[in-house]
Amino acid sequence: MGQILNEDELVEAVRAERAAGRTLAFANGCFDVLHVGHVRYLADAKAQGDRLIVAINDDGSVRNLKGEGRPILIETDRAELVGALESVDYVVLFSDPDVNRLLRLLKPDVHCKGTDYTLETVPERETVLAYGGKIAIVGDPKKHSTRDFVSRVKSEIR
């Protein structure tokens, strides 16, 4: 089970992992209502390094990104669910509008994004390349979304 850490604790964990010679993969997202697409994305991200760090948008940043009514699950629940996945080693919540600051702080070896991106369209591309990291596009084709799942559930309830 992945450890849920605050940012300072994660910085220390990253130092220890690097001192032990391990490589770090990094993934991020809202992970509101965990689904199979998330699981596959994180499993593939884990294959990119010895340890996988997952940064999860806190409740305020999810609301800013997705709108009112989101997130469906509170941040602590989302962190616990993601942390329970075998592929995940570390979980951290973040409130920034993007993960550029965390990437600059942690400098993971590989920044993993889902298949809804290409190497050229990853928003954090310049940040990762500036510190010498790599970018990997991972997971299965984007056929799963929380928005679609919630819409299906709402239509079934009616």
Side-chain angles (χ1 to χ4, degrees), residues 1-5 10 13-14 17 22-59 61-67 69-103 106-129 131-157:
M1 182 163 169
Q3 297 178 58
I4 302 169
L5 304 176
L10 182 58
V14 164
E17 296 290 1
R22 294 186 188 98
T23 57
L24 302 170
F26 181 98
N28 68 283
C30 297
F31 302 99
D32 195 12
V33 184
L34 196 63
H35 57 68
V36 70
H38 293 135
V39 173
R40 293 173 183 164
Y41 163 58
L42 295 174
D44 284 355
K46 171 64 178 212
Q48 303 300 311
D50 299 317
R51 297 288 186 261
L52 176 60
I53 300 164
V54 181
I56 299 177
N57 297 76
D58 72 6
D59 289 349
S61 65
V62 173
R63 206 167 5 271
N64 289 338
L65 288 168
K66 306 288 185 177
R70 299 284 297 277
I72 294 166
L73 297 176
I74 62 171
E75 62 194 37
T76 52
D77 289 355
R78 292 183 287 120
E80 187 173 341
L81 285 167
V82 169
L85 297 174
E86 184 178 338
S87 57
V88 176
D89 297 292
Y90 300 105
V91 175
V92 65
L93 292 166
F94 73 99
S95 59
D96 302 344
D98 58 51
V99 292
N100 284 305
R101 184 185 61 77
L102 272 178
L103 289 168
L106 303 172
K107 296 180 175 63
D109 300 282
V110 185
H111 178 43
C112 303
K113 294 299 270 190
T115 57
D116 45 336
Y117 293 95
T118 66
L119 291 175
E120 293 76 30
T121 63
V122 169
E124 305 86 8
R125 182 177 192 276
E126 295 306 317
T127 298
V128 175
L129 296 178
Y131 71 74
K134 296 177 186 171
I135 297 168
I137 304 301
V138 300
D140 63 353
K142 180 96 177 182
K143 295 180 184 175
H144 321 280
S145 80
T146 299
R147 184 182 330 97
D148 293 344
F149 177 75
V150 169
S151 292
R152 284 196 324 266
V153 169
K154 282 182 178 177
S155 71
E156 289 295 321
I157 292 173

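Below, each value reflects all heavy atoms present in this structure, side chains not excepted, and no hydrogens, waters or symmetry copies.
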> Nearest 0.5 Å, what's the CZ-CG distance between F94 and D58?
Replying inline: 8.0 Å
> To the nearest 0.5 Å, what is the distance between CD1 (I53) and CG (L103)?
Replying inline: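 It is 9.5 Å, given to the nearest 0.5 Å.
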>> Can you tell me which residue among L119, T115, T121 is in a side-chain contact (heavy atoms from CB on, under 4.5 Å) with Y117?
In response: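 In the set L119, T115, T121, the residue that makes a side-chain contact (heavy atoms from CB on, under 4.5 Å) with Y117 is T121.
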Quick check: do [X] and [Y] have side-chain heavy atoms less than 4.5 Å from each other?
| X | Y | result |
| --- | --- | --- |
| N28 | H111 | yes |
| R125 | I135 | yes |
| I56 | V62 | no |
| D32 | R78 | yes |
| D89 | L52 | yes |

> Any ion pair linking E86 and K46 (charged N to carboxylate O, less than 4.0 Å)?
Replying inline: no
> Counting only N and O atoms by type, is there a donor-acceptor contact under 3.5 Å from the side chain of Y131 to the main-chain atoms of L106?
Replying inline: no
>> Tell me whether the count of non-hydrogen atoms from other residues, nucleotides or ligands lying under 6.0 Å of NZ in K134 goes above 12.
In response: no
> Are there more than 12 heavy atoms of other residues, nucleotides or ligands under 6.0 Å from atom CD of E80?
Replying inline: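 It does not: E80 CD has 12 such atoms or fewer within range.
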>> Assess the residue pair V128 and F26 against the criterion (side-chain contact (heavy atoms from CB on, under 4.5 Å)); give the C-alpha distance rounded to whole Å, side-chain angles, the decisive distance to 0.1 Å, and a yes or no.
In response: CA-CA 11 Å; V128 175; F26 181 98; over 6 Å; no
